[in-house]
*Asks:* 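I have a structure I would like to understand better, so I am pasting it below and will then ask my questions one at a time.
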Number of protein chains: 2
Amino acid sequence: MALGWEDIRTEVLRRIEARHWAPGALIPTEEALAEELGCARTTVNRALRDLAAAGLLERRRKAGTRVALHPVRRARFDIPVTRLEIEGRGQSYAFHLIEERRAEPPAAVASLFRSPPGVPLLRLRGLHLADNRPALYEERWLDPAVLPEPAPDFRRISPNEWLVSHVPWTGGDIAFSAANACPEEADILGCAPGAALFVCERVTEAEGRPITSVRLLHAPGYRLRADL
Amino acid sequence: MALGWEDIRTEVLRRIEARHWAPGALIPTEEALAEELGCARTTVNRALRDLAAAGLLERRRKAGTRVALHPVRRARFDIPVTRLEIEGRGQSYAFHLIEERRAEPPAAVASLFRSPPGVPLLRLRGLHLADNRPALYEERWLDPAVLPEPAPDFRRISPNEWLVSHVPWTGGDIAFSAANACPEEADILGCAPGAALFVCERVTEAEGRPITSVRLLHAPGYRLRADL
DNA sequence: AAGTGGTCTAGACCACCGG
DNA sequence: CGGTGGTCTAGACCACTTA
């Protein structure tokens, strides 16, 4: 015998898909399932926990486990370091630093960083190249407090890569959208003005405080893939 | 004491971030950590498994556990039923069916569905409205084999919603990109021709075979948010 | 108050795979 | 071959939440 937790998960999933347990319905308790299926409650727990994490079940103490009424599709994707993403496609990678200076951020960014007015942040702009063609343009604000002495040379290593491997992150927020390229952006990315760009806006936090916010503009043709 | 697995995870994470264990380095075995931290190996296993799933550790039998060299940021997001997403913003929802007919799909779609040439699929086009304003335009191909007799009335329930709650899905693929609105799309979505649209292309499979493919065009201003 | 899921423990066996 | 992670078990206690 020796039923594994994946076997249990498969069986439960089968019953859900076969409408043996209807959406919204209560399913048996872990203890009952363990007895019926012939395994320990721990094993059932592992299987049900996994299905709940996938969005197919809703579990609450005392209330029991229900089949999700509106099965939310939960997608996942990896956000690799830009260099690795490009090299992973078999292309050569290069980074070109466009601007690096201390500057007072616009009000929206300042309030995001909760920094008092008048305190400058580090403004970084740069272009990631794939096979010497523009692939990704980044505009970044960075809290200089995270930089060591001496500061890293962002002409040699992109802020993206330096941050990932030197600053411990604890959380953040990310959003995707589409925007028309303004003339300057079109010039930098080598595309037509007005071209539809895939935009990624990210705020990264460490110890509960934002340390960097970045707006990434992908050259036309970029696709972000995810698994369901 | 009673250290929980989340405490163990926190401690391991602390050591990673403090560079106590450098990227690429081997960390102690589960057994060693269990003894050092004063808990059962099972508890350590749970914590390390979670960190590995998050992309911070790499584990292999016999080889041991290493701190990931290139910490991949894994993001997750939920894709709700369109109606619920709109209503969740406090807006009223409506669906307008633009077209429903049997038609032979283009070659790319036919090969995707692995359907023999000459066999028609169901072509559906429709518009989701938020507060009576265009929010999302969908173009869909659907395998008619999944439809019951009589077929659902897609003027009353959107294909999106009907499929989610009536067809068990087993997997699929999803990709996001940006595109300029063509004149027809601009007319449907009520935006300017050439406006940057957020595009979502999805293929849904059941029992290993594609059952529907859809191209979703979001009205300008749409943002997809995810958690890191 | 009591039922249900969440987790810990100690021990065990096994699958995998590197040396 | 042997070390390491992957998992199962049986029992226990606890936290949460609803009835």
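Below, chains carry the letters A, B, ... as their sequence lines are ordered, and counting in each starts from 1. All values reported here derive from a predicted model rather than from experimental measurement.
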*Asks:* Indicate the atoms forming the closest heavy-atom contact of A/I79 with B/A75, along with that distance.
*Replies:*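 Closest pair (atom of A/I79, atom of B/A75, distance): CD1-CB, 4.1 Å.
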*Asks:* Taking A/E161's backbone N and O only, do any of them form a donor-acceptor pair with A/S158's side chain (distance below 3.5 Å, no angle check)?
*Replies:*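 Yes, the answer is positive, given that a donor and an acceptor are paired below the 3.5 Å cut-off.
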*Asks:* Which is more 5' along DNA chain D, the nucleotide nearest B/N45 or the one nearest A/K62? Just name the residue.
*Replies:*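 Of the two residues, B/N45 wins.
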*Asks:* Among B/R83, B/E87, B/H128, which residue satisfies the side chain to side chain donor-acceptor pair (under 3.5 Å) criterion with B/Y93?
*Replies:*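 Of B/R83, B/E87, B/H128, side chain to side chain donor-acceptor pair (under 3.5 Å) with B/Y93 is met by B/H128 alone.
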*Asks:* Could you verify whether a donor N or O on one side chain and an acceptor N or O on the other, from B/R215 and B/Y137, lie under 3.5 Å apart?
*Replies:* no
*Asks:* Kindly assign one of parallel, tilted or perpendicular to the pair A/F77 and B/F77, based on the angle between their ring planes and the thresholds 30° and 60°.
*Replies:* tilted
*Asks:* Using heavy atoms to find the nearest nucleotide of DNA chain D for A/R60 and A/R46 separately, return the residue whose nucleotide is more 5′.
*Replies:*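 Here A/R46 is the residue nearer the 5' end.
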*Asks:* Give every pair of a protein N or O atom and an N or O atom of nucleotides 11-13 of chain C that lie under 3.5 Å apart, one pair per line with the distance.
*Replies:*
residue, atom, partner, partner atom, Å
C/dA12, N6, B/R41, NH2, 3.0

*Asks:* Just how far, in rounded Å, is C1' of D/dC14 from CZ of A/R61?
*Replies:*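 Rounding to the nearest Å, CZ of A/R61 and C1' of D/dC14 are 8 Å apart.
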*Asks:* Starting from P on C/dG5, measure out to CD on A/E31 and report it in whole angstrom.
*Replies:* 9 Å
*Asks:* Under the rule for side chain to side chain donor-acceptor pair (under 3.5 Å), what residues qualify as partners of A/D153, not counting sequence neighbours?
*Replies:*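 In terms of side chain to side chain donor-acceptor pair (under 3.5 Å), with neighbours along the sequence ignored, A/D153 is linked to A/R155.
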*Asks:* Please tell me if B/R49 has a side-chain N or O lying less than 4.0 Å from either OP1 or OP2 of D/dG5.
*Replies:* no
*Asks:* From CG of B/L48 over to C1' of D/dT7, roughly how many Å is that when rounded to an integer?
*Replies:*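 So the CG-C1' distance, B/L48 to D/dT7, works out to 15 Å.
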*Asks:* A/D50 has an atom CG; how far is it from atom C1' of D/dG6, in whole Å?
*Replies:*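 Checked: the CG to C1' distance equals 15 Å.
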*Asks:* So if I take every side-chain heavy atom of A/W5 and compare against C/dT4, D/dT18, D/dT7, which nucleotide ends up nearest?
*Replies:* D/dT7
*Asks:* Roughly, in whole Å, what's the span from CZ in A/R9 to P in D/dT7?
*Replies:* 10 Å
*Asks:* What orientation do A/W162 and A/F154 show, parallel under 30°, tilted 30 to 60°, or perpendicular over 60°?
*Replies:*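 Ring orientation, 0 to 90° scale: perpendicular.
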*Asks:* In whole Å, what is the span from the CG atom of A/L26 to the C1' atom of C/dG3?
*Replies:*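 Going from CG in A/L26 over to C1' in C/dG3 covers 12 Å.
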*Asks:* Could you give the CG-to-P distance, from A/L33 to C/dT4, as a whole number of Å?
*Replies:* 12 Å
*Asks:* Take the protein atom CG of A/D7 and the nucleotide atom C1' of D/dG6, then report the distance between them rounded to whole Å.
*Replies:*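 In whole Å, D/dG6 C1' lies 14 Å from A/D7 CG.
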*Asks:* Does a side-chain N or O of A/T65 approach OP1 or OP2 of C/dG5 to a distance below 4.0 Å, or not?
*Replies:* yes
*Asks:* Which residue lies toward the 5' end of DNA chain C, B/T43 or A/I27, if each is placed at its nearest nucleotide?
*Replies:* A/I27
